[in-house]
Amino acid sequence: MHSPSLVKLCYWQVAVLSLCFGLFTSSLWADSSAPDAVEAPAAKPLSESQAQELVSMWEEINANRADLDELEARVGDAETIMAEVLGRRTDQLWEETMNLSLSYCNQVADLSEEGYGLPMHEANALQLLGEIPLGIKSALDRIRERVVMPDFDKPALEQVAIDRDLSEAGELNHRINRSLFETCRVAERYEIDLSAFLVEAKERIESSAVNTSVYLDLSLAEVNDLRASLTVMPDDAELKAKLRVAEIRVREVISILTDSVDLLTELGVSTTQYRRQLLAATGALTAVSLDVNVISNVLKDWWYRSWHIVRSKGPSFLFQALFFSIIIYFFYKLANLVRRLVQSALRARHVRLSLLMQQMIASVARGIIIGLGILVALSQFNVSIGPMLAGLGIVGFIVGFALQDSLSNFASGLMILFYEPFDVGDTVIAGGVRGRVSSMSLVNTTIRTFDNQSLIIPNNKIWQDVITNITDQHIRRIDMEFGVSYGDDLDKVEDILHGLLKADERVLKDPEAKVLVDSFGDSSVNILCRPWVNTEDYWEVRWDFNKRVKKAFDREGVVIPFPQRDVHLYTQAPSEPEARDQRPEG
């Protein structure tokens with residue numbers, strides 16, 4: 001880890017320090033013998049635990065040194081792969097030793113400032129502070145030699161390995177530079193000047209930031225090139241893999257550049273250019289990119305680019321937008337015209353389709369024309385339709401899975417339109433609702449009740465239930481039942497009802513109306529009356545006929561009995577067993 005010349009230099013430093021310390025104590029002793037000399041405070045002795053801790057740390061540092069010497073010797077004799085593994089172990093052990101050494105130096109400085117006397121440990125600390133800067137420089141050179149810059153032409157798997165090594169080297173480089181700053185701070189406590197070494201480190205970090213910035217631009221350009229290639233060959237697996245690797249590489253390079261910007265900021269170097277690049281690459285404001293100068297410069301860039309685009313492409317874009325609007329307007333008018341033509345054709349006498357089916361076909365034809373117009377208009381902006389349709393297919397699958405109930409209603413609407421159980425204007429009982437069908441879509445049906453309420457019912461609920469179409473047939477039979485008393489003449493009652501039916505012109509002659517004795521009730525003999533009428537006259541005939549029957553029965557003396565019950569009274573005294581049963585209990 002340390003060369004022989006460096007060891008000799010450290011020994012000379014220790015000797016000079018010991019000599020200075022002896023001269024200093026001799027002068028103090030001589031001054032103390034003078035009559036007016038002021039005695040210096042005696043150094044406090046270390047406690048056993050403090051001394052043991054410092055000794056343990058020093059022994060561990062020396063043990064790590066020995067291990068490092070052994071690892072370095074093995075690295076020189078090892079093959080390529082083994083040398084790489086041993087090199088990583090050397091870096092890890094060296095970093096641990098450096099951090100332990102800095103901790104040791106800080107602790108010695110703290111105890112010395114508190115008045116403890118520890119000349120041997122101070123000499124050790126000075127020795128370490130003389131070795132660490134040279135060790136840092138050696139470690140950085142070793143890392144730089146090990147790093148291989150990625151080759152974009154290599155296969156994706158090889159690029160992954162190279163990028164991983166580069167990322168690990170960048171993180172280790174950042175930690176070492178942090179340790180360098182910490183070494184300079186510790187050296188100040190020992191009044192050691194490392195400004196020249198710090199200047200050299202500053203130049204090295206600036207050079208690394210420049211290289212990383214250029215590499216970030218190259219990585220972003222590679223990502224754009226791969227994306228452009230994928231538009232031509234979307235099914236190329238190797239291109240997809242390279243794009244994924246390139247996107248990961250961009251994130252890692254951004255992280256390395258961010259670390260460099262942090263270090264340069266601490267050194268007082270202007271990093272506005274790098275912050276602008278990071279903001280442009282990430283598109284997000286971060287602690288690194290959040291700077292007034294950075295944001296102002298980015299806004300200026302955006303303004304100049306926008307103005308350049310407006311000047312260069314503005315006229316052509318306006319023409320394309322105008323042409324786009326004209327195409328959309330033309331196809332919109334054409335779609336409305338097609339819908340009217342389709343409706344007219346479907347309303348022809350030889351075409352027997354329900355009004356709901358006619359509306360659906362016309363709407364679908366209109367939608368197809370409008371969709372075709374949108375595709376033609378988008379082609380004016382060089383929009384690729386293939387990926388858009390593929391994306392719509394994927395989105396359609398996701399939406400369809402999420403909207404299963406709506407799709408069920410859609411399928412039920414298609415079944416209703418296909419089988420035509422009802423049409424607009426029909427009176428139906430569907431989905432538990434009675435009313436007149438006012439409109440229907442592929443998802444729901446609107447039924448207007450007889451008290452003028454509009455009910456929107458999902459088609460799935462209608463199709464899965466019984467559908468009763470009251471107005472589907474042109475004629476209907478009215479089922480009415482009249483009760484007369486047991487004392488009335490049934491032939492007379494039948495004649496009255498037949499006369500009323502013949503007198504009403506709305507009652508059809510064919511099929512013939514029926515008047516039949518149905519059953520014997522508790523209070524009446526029940527007569528059935530079943531005339532046939534046109535469907536539109538159903539309710540008017542029923543209500544009017546009930547009224548005329550009541551008047552005719554009253555006029556002819558036919559009794560419509562109330563519910564009644566016969567009560568039989570017995571005057572004979574009950575027998576002895578019956579009387580015993582009727583006796584109250586208890």
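Note that CH2 of W58 and CD of Q127 are 4.5 Å apart. Values are rounded to the nearest 0.5 Å. Taking CE from M98 and CZ from R175, the interatomic distance works out to 9.0 Å, rounded to the nearest 0.5 Å. Annotation: the span from L216 atom CG to R251 atom CZ amounts to 13.0 Å, rounded to 0.5 Å. Expressed to the nearest 0.5 Å, how far OG1 of T271 lies from CD of E206 amounts to 11.0 Å. Distance check, rounded to the nearest 0.5 Å: CD of E203 to CG of L267 gives 11.5 Å. Rounding to the nearest 0.5 Å places CD of E95 at 12.5 Å from CG of L100.
Looking only at side-chain heavy atoms (C-beta outward), P458 and V443 stay at 4.5 Å or farther from each other. Taking the side chain as every heavy atom from C-beta outward, L334 and V338 approach each other to under 4.5 Å. Side chains of R178 and D262 form a contact here, defined as non-hydrogen atoms less than 4.5 Å apart. Residues V245 and F152 have side chains not in contact (no heavy-atom distance under 4.5 Å, counting atoms from C-beta outward). Contact of the L166 side chain with the I162 side chain is not registered, since no non-hydrogen atoms from C-beta on lie closer than 4.5 Å. A 4.5 Å side-chain heavy-atom check between T446 and L455 finds every atom pair outside the cut-off. Contact of the I457 side chain with the N444 side chain is not registered, since no non-hydrogen atoms from C-beta on lie closer than 4.5 Å.
Looking only at atom types and distance, the side chain of Q107 has no donor-acceptor partner in the side chain of Q50 under 3.5 Å away. No hydrogens or angles considered: a donor-acceptor pair under 3.5 Å links the side chains of T97 and N64. Using modelled atom types, one finds no donor on one side chain facing an acceptor on the other under 3.5 Å when comparing S412 with Q464.
Side chain of S112 to backbone of V108: no donor-acceptor contact under 3.5 angstrom is found. Looking at S208, its side chain never comes within 3.5 Å of a backbone N or O of R204 through a donor-acceptor pair. Of the possible polar contacts, one joining the S219 side chain to the Y215 backbone as a donor-acceptor pair under 3.5 Å is found. Between the side chain of S103 and the backbone N or O of N99 there is no donor-acceptor pair closer than 3.5 Å. Using a distance-only test at 3.5 Å, with no hydrogens or angles considered, a donor-acceptor pair links the side chain of E238 to the main chain of A156. Using a distance-only test at 3.5 Å, with no hydrogens or angles considered, no donor-acceptor pair links the side chain of D465 to the main chain of K461. Under the 3.5 Å distance criterion, the side-chain polar atoms of S260 are matched with a main-chain donor or acceptor of I256.
Between A335 and I370 the shortest heavy-atom distance is CB-CG1, 3.6 Å. Of all heavy-atom pairs between A246 and L226, the closest is CB-CD1, 3.9 Å. What you find for Y104 and A125 is that their closest heavy atoms are CE2-N, 4.1 Å. Across every non-hydrogen atom of L140 and I176, the tightest pair is CD2-CG2, 3.7 Å. Annotation for L180 and A201: closest pair CD1-CB, 3.7 Å, computed over non-hydrogen atoms. Here the shortest heavy-atom pairing between A209 and L264 reads CB-CD1, 3.8 Å.
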Sequence neighbours left out, cut at 3.5 Å: what donor-acceptor pairs do the side chains of residues 322-333 make with other protein atoms?
unit_1 : atom_1 : unit_2 : atom_2 : d
S325   : OG     : A321   : O      : 3.0

Report, one line per pair, each donor and acceptor closer than 3.5 Å where one atom sits in a side chain of residues 181-197; sequence neighbours left out.
unit_1 : atom_1 : unit_2 : atom_2 : d
E182   : OE1    : R185   : NE     : 3.4
E182   : OE1    : R185   : NH2    : 3.1
E182   : OE2    : N106   : ND2    : 3.3
T183   : OG1    : S179   : O      : 2.8
R189   : NH1    : N106   : OD1    : 3.1
R189   : NH1    : D110   : OD1    : 3.1
R189   : NH2    : D110   : OD1    : 2.5
R189   : NH2    : E113   : OE1    : 3.2
R189   : NH2    : E113   : OE2    : 3.3
Y190   : OH     : C105   : O      : 2.7
Y190   : OH     : A109   : N      : 3.3
D193   : OD1    : S195   : N      : 3.0
D193   : OD1    : S195   : OG     : 3.0
D193   : OD2    : S195   : OG     : 3.4

**Request:** Begin from the C-alpha positions of E53 and S49 and carry the test side-chain contact (heavy atoms from CB on, under 4.5 Å) through to its verdict.
**Result:** CA-CA 6 Å; E53 182 179 0; S49 60; over 6 Å; no
**Request:** Before giving the answer on side-chain contact (heavy atoms from CB on, under 4.5 Å), spell out for M233 and L239 the whole-Å C-alpha distance, their side-chain angles and the decisive distance to 0.1 Å.
**Result:** CA-CA 8 Å; M233 297 180 291; L239 279 179; 3.5 Å; yes
**Asked** Is there a side-chain contact (heavy atoms from CB on, under 4.5 Å) between V250 and V223 once you walk through the steps?
**Response** CA-CA 8 Å; V250 167; V223 170; 3.8 Å; yes
**Prompt:** Given R88 and D165, is the salt bridge (charged side-chain N to carboxylate O under 4.0 Å, His left out) satisfied, shown in steps?
**Reply:** CA-CA 11 Å; R88 294 178 184 276; D165 293 339; 2.8 Å; yes
**Item:** side-chain contact (heavy atoms from CB on, under 4.5 Å) evaluation trace for E60 with R65
**Value:** CA-CA 9 Å; E60 185 177 356; R65 285 175 170 178; over 6 Å; no
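Contacts classified as side chain to side chain donor-acceptor pair (under 3.5 Å) and involving residues 153-164 (residues at least two apart or in different chains) are given here: Q159-R249, D163-R249.
Using a 4.0 Å cut-off between charged nitrogen and carboxylate oxygen, R227 and E247 count as a salt-bridge pair.
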